[in-house]
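In this chain, numbering begins with 1 at the start of the sequence shown. Both backbone and side-chain heavy atoms feed into the values below; hydrogens, waters and symmetry mates do not.
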Amino acid sequence: MCKGLVSLPACCLERAKELKARLGILLQKPIWTLSCCKIGKNKPTLEECLKWKESFEKLLSNGLCAFTAFLVSEFSEENIAFYFACEDYRRTKCPTKLLTKAQKIYTEFISSEAPREVNIDHETRDITKANLQDPSPSCFDQAQHRIYMLMAKDCYPRFLHSPVYRDLLCQAKPSTKPTNLPHLVKKV
């Protein structure tokens, strides 16, 4: 270890370890940027962008790329990653895979030393840890619900007021799909 680092307070060294872990994670996963939402099939229509304002569920169902890009810009992408890791886990049928996936999710997101630790209360963390003694498809339900509510009540409103969302709205084009507007149909 560098001699200069030895003289730093322990809290600074812990923060440096945390930052190193976070940066390492960024190198291992795909980079989510707003540009991924503006090209090709991922480019949202104006109608899709406007639907995102209706509910958080609608944003998750067809605006995931934009929302994830927003979370990345806010350094809180671990929330959406944890949410979908739990969704994948819940669909797992093989008991041996349940145990492996449960341990991976706990290590990556729940443990107090997790590189992508999600913001859950101590009681939820303890309940989740206890649930891992006998993994079932529902062992992360409480923690997943807490993160879902955090995103719905905190991240989602911030997304709707963010430059990311405003930029997408400005650049989005109306859908080219035919509409059911009778006044636009020419009578023969």
Side-chain angles (χ1 to χ4, degrees), residues 14-15 17-33 36-37 41-42 44 48-49 51-162 164-165:
E14 288 301 314
R15 181 72 179 138
K17 285 180 189 175
E18 179 185 322
L19 288 172
K20 180 181 175 187
R22 234 176 206 234
L23 291 173
I25 292 297
L26 287 174
L27 294 174
Q28 295 172 7
K29 63 182 180 176
I31 301 299
W32 287 88
T33 62
C36 78
C37 304
K41 289 190 245 178
N42 292 331
E48 288 173 327
C49 290
K51 278 190 183 278
W52 300 345
K53 284 180 128 176
E54 294 174 14
S55 72
F56 183 54
E57 292 78 21
K58 288 186 180 178
L59 174 63
L60 288 182
S61 70
N62 77 356
L64 184 59
C65 179
F67 187 60
T68 302
F70 169 74
L71 292 176
V72 167
S73 75
E74 295 220 329
F75 301 99
S76 59
E77 72 278 2
E78 67 278 356
N79 294 323
I80 199 76
F82 172 70
Y83 178 82
F84 281 105
C86 291
E87 289 295 298
D88 176 62
Y89 174 80
R90 187 179 292 110
R91 289 188 298 268
T92 303
K93 302 292 181 209
C94 177
T96 55
K97 286 186 178 182
L98 270 182
L99 178 60
T100 306
K101 283 184 176 185
Q103 290 170 337
K104 183 178 181 192
I105 291 170
Y106 182 83
T107 303
E108 187 171 352
F109 298 106
I110 303 289
S111 166
S112 59
E113 297 190 14
R116 300 169 75 187
E117 184 181 1
V118 291
N119 186 9
I120 55 173
D121 58 272
H122 186 67
E123 182 182 347
T124 303
R125 190 177 314 279
D126 289 346
I127 289 168
T128 304
K129 187 174 183 178
N131 289 345
L132 294 181
Q133 300 305 313
D134 185 24
S136 71
S138 62
C139 72
F140 290 104
D141 283 0
Q142 186 174 353
Q144 183 186 25
H145 178 73
R146 298 261 191 239
I147 294 304
Y148 179 88
M149 295 308 295
L150 174 73
M151 290 189 299
K153 291 182 178 181
D154 181 48
C155 304
Y156 174 60
R158 281 199 329 266
F159 169 76
L160 293 176
H161 293 96
S162 72
V164 169
Y165 181 65

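Minimum interatomic distance between L160 and Y165 (heavy atoms only, all atoms of both residues): O-CD2, 3.3 Å. Scanning both residues, P157 and H161, for their nearest heavy atoms gives O-ND1, 2.8 Å. Contact between Q142 and T124 at its shortest, heavy atoms only, is NE2-OG1, 3.5 Å. Listed here is the closest heavy atom pair of C139 and P135: SG-CA, 4.4 Å. Summarising the geometry of R158 relative to D154, their closest heavy-atom pair is NH1-OD2, 2.5 Å, with the distance given to 0.1 Å. Taking both residues in full, the closest heavy atoms of I110 and A143 are given as CD1-CB, 4.1 Å, listed atom of the first, atom of the second, then distance.
Counting only N and O atoms by type, the side chains of T92 and K101 include a donor and acceptor under 3.5 Å apart. In the model, D141 has no side-chain atom that pairs as donor or acceptor with a side-chain atom of H145 under 3.5 Å.
The shortest side-chain heavy-atom distance between E48 and K51 does not fall under the 4.5 Å cut-off. Considering only heavy atoms from C-beta on, L132 stays 4.5 Å or farther from Q103 through its side chain. F109 is not listed as a side-chain neighbour of I147, based on a closest heavy-atom distance of 4.5 Å or more. A heavy-atom distance below 4.5 Å is found between the side chains of I80 and L60. Counting heavy atoms from C-beta outward, F56 and C155 have side chains that stay 4.5 Å or more apart. Side-chain contact between L71 and F159 is absent, with no heavy atoms from C-beta onward closer than 4.5 Å. Proximity of V164 to F67: side-chain heavy atoms (C-beta onward) are nowhere separated by under 4.5 Å. For the pair S76/E78, a side-chain contact is recorded, criterion being any heavy-atom separation below 4.5 Å from C-beta on.
Relative ring orientation between F140 and F82 is described as perpendicular, the plane-to-plane angle rising above 60° on a 0-90° scale split at 30° and 60°. Between Y148 and Y83, the ring planes are tilted. Angles from 30° to 60° get that label.
For N119, the CG atom counts as loosely surrounded, since its 6.0 Å shell holds 12 or fewer non-hydrogen atoms of other residues, nucleotides or ligands. For E54, the CD atom is densely surrounded, since the number of other residues' heavy atoms within 6.0 Å is greater than 12.
With salt bridges taken as basic N to acidic carboxylate O contacts below 4.0 Å, one links E117 and R125.
Atom-to-atom distance recorded for K53:NZ and L59:CG is 12.5 Å, nearest 0.5 angstrom.
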